[in-house]
Amino acid sequence: MLYPLSLAVFRQKSREMPLKSFVREIGNMSKKFTKKEKHECRRGGAYIAPDSSPLSSTAGSSTALTEHGRWANLPPELLLDIIQRVEARETCWPGRGDVVACASVCRSWRQITKEVVKTPEQCGFLTFPISLKQPGSRDTPIECFIQREKATSTYRLYMGLSPALSGNLNKLLLVAKKVRRATCTDFVISLVGNDFSRSSNNYVGKLKSNFMGTKFNIFDSQPPKDSLVQSTNRSLQKTHSRQVSPRKPMFITAKISYELNVLRTRGPRRMKCDMYSIPASAIGQGGTAPTPTAFTNCNDEAQLGFKTLKSAQNVPLVLRNKAPRWHEQLQCWCLNFKGRVTVASVKNFQLVAAAEPSQNVAVPEQEKVILQFGKIGKDIFTMDYRYPLSALQAFAISLSSFDTKPVCE
């Protein structure tokens, strides 16, 4: 096979210089970050260089484009080969950050990187922030853990087996802060641990409970793809005229319900999740789940308020907790977590699809665990999820287990 001369030269040099060194050399051209960009990298954020048009470019951005010019003008075949090699080599964090660095070079690099990097459903990797709103892998669950900080009422979601096993390979995905109010409890979810403002770009959604802590709504900052939006009675809330940054609209994507235990019988909690944004057909043969490809900016004042999402394809997916079995010797309720849960807790659960006979969903698909959550130590919990749930949806469902539910236990 014949290659362009520049591509052949790169292949010859790649044998002489390790790919890691080549990527590091690429990263050296971005040393003159702005203060904001440095802050994003320091806190582990996946920073992507924004698009800039010639009409809106400032003197600083023009300088950056000049510095990136020699990289932006690489032949497409060479550029594609570079990014494919980087993507294939780095399969976990923190090495996965090299893929993000390639997308941060310039517009042409970013476009090709977005074409090369697949969704979590296809490859099982979480690369860009939008991956947190895309369905997980179909084949194997994505293994994560949640670290609870009682002093600050914060919950941090990491990608990894556990703090002890993953070590420095942990990747911070999402952070939630618990806010108690007079009639409800909110779990505000953000991409970082120091910014929970609803007007911020780091804000991704929240979980809100009722007064009893038995019903929860999952809110998203943007509507998923292929969904219909229905306004509730509280929609269309106008922003104040003096407000500088209008708050993002809120879309109800799911509802979580815990059954009341009036007779105080022994046993685990019983829960049900109505996933409004996911059709029940998603778990069937050839089914698909909504997969957003980018964050949308929905700050229009006329759209502010609370809206309920209904799937555009028939009935929504319903999840129920898997029924445990009673162990006579241990005298307790048991579930097979396959070694991922080691401490008995009323918070532990596994969710499976609850399909109706008319939906023609195969029995193996109904028995497949879509989300499991359980305790492994003091303030440490594992969370493993798979298709059709996203990391954000799985995290929000798991957060509902932390709220106090005296009438359900």
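Just so it is clear, the structure is predicted and the values come from calculations on it, not from any experiment.
In this structure, Asn210 contributes its side chain and Thr214 its backbone to a donor-acceptor pair below 3.5 Å. Between the side chain of Asn348 and the backbone N or O of Lys375 there is at least one donor-acceptor pair closer than 3.5 Å. Not a single donor-acceptor pair under 3.5 Å links the side chain of Gln350 to the backbone N or O of Ala323. With hydrogens and angles disregarded, a donor-acceptor distance shorter than 3.5 Å links the side chain of Thr291 to the backbone of Ala289. Distance alone, capped at 3.5 Å, places no donor-acceptor pair between the Arg386 side chain and the Ile370 backbone.
Applying the 6.0 Å contact sphere to CD of Glu115 captures more than 12 heavy atoms from other residues, nucleotides or ligands. Around atom NZ of Lys255, no more than 12 heavy atoms belonging to other residues, nucleotides or ligands sit under 6.0 Å away.
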*Apply side-chain hydrogen bond (donor to acceptor under 3.5 Å, both in side chains) to Arg96 and Thr127, showing your working.*
CA-CA 7 Å; Arg96 198 74 181 165; Thr127 306; 2.9 Å; yes

*List the steps and the verdict of side-chain contact (heavy atoms from CB on, under 4.5 Å) for Leu351 and Val369.*
CA-CA 6 Å; Leu351 292 184; Val369 176; over 6 Å; no

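Side-chain contact of Lys118 with Ser131: a donor-acceptor pair under 3.5 Å is absent, judged by distance alone. Of the N and O atoms on the side chains of Asp195 and Ser200, at least one donor lies less than 3.5 Å from an acceptor on the other residue. Defined by atom type and a distance below 3.5 Å, a donor-acceptor pair is missing between the side-chain atoms of Ser108 and Gln111. Side chains of Ser390 and Tyr385: no donor on one and acceptor on the other come within 3.5 Å.
Expressed to the nearest 0.5 Å, how far CG of Leu126 lies from CE of Met159 amounts to 4.5 Å.
The ring of Phe381 has its center closer than 6.0 angstrom to the ring center of Phe373. Taking the six-membered ring where the residue is Trp, the centroids of Phe402 and Tyr155 are separated by under 6.0 Å.
For the ring-ring contact (aromatic ring centres under 6.0 Å, His included) test with Tyr158, the passing option among Trp93, Phe145, Phe395 is Phe145; the others fail.
Smallest separation of non-hydrogen atoms from Leu335 and Pro324: CD2-CA, 3.6 Å.
At least one cation-pi condition fails for Lys178 and Phe187: the charged atom is not both under 6.0 angstrom from the six-membered ring centre and inside a 45 degree cone around its axis.
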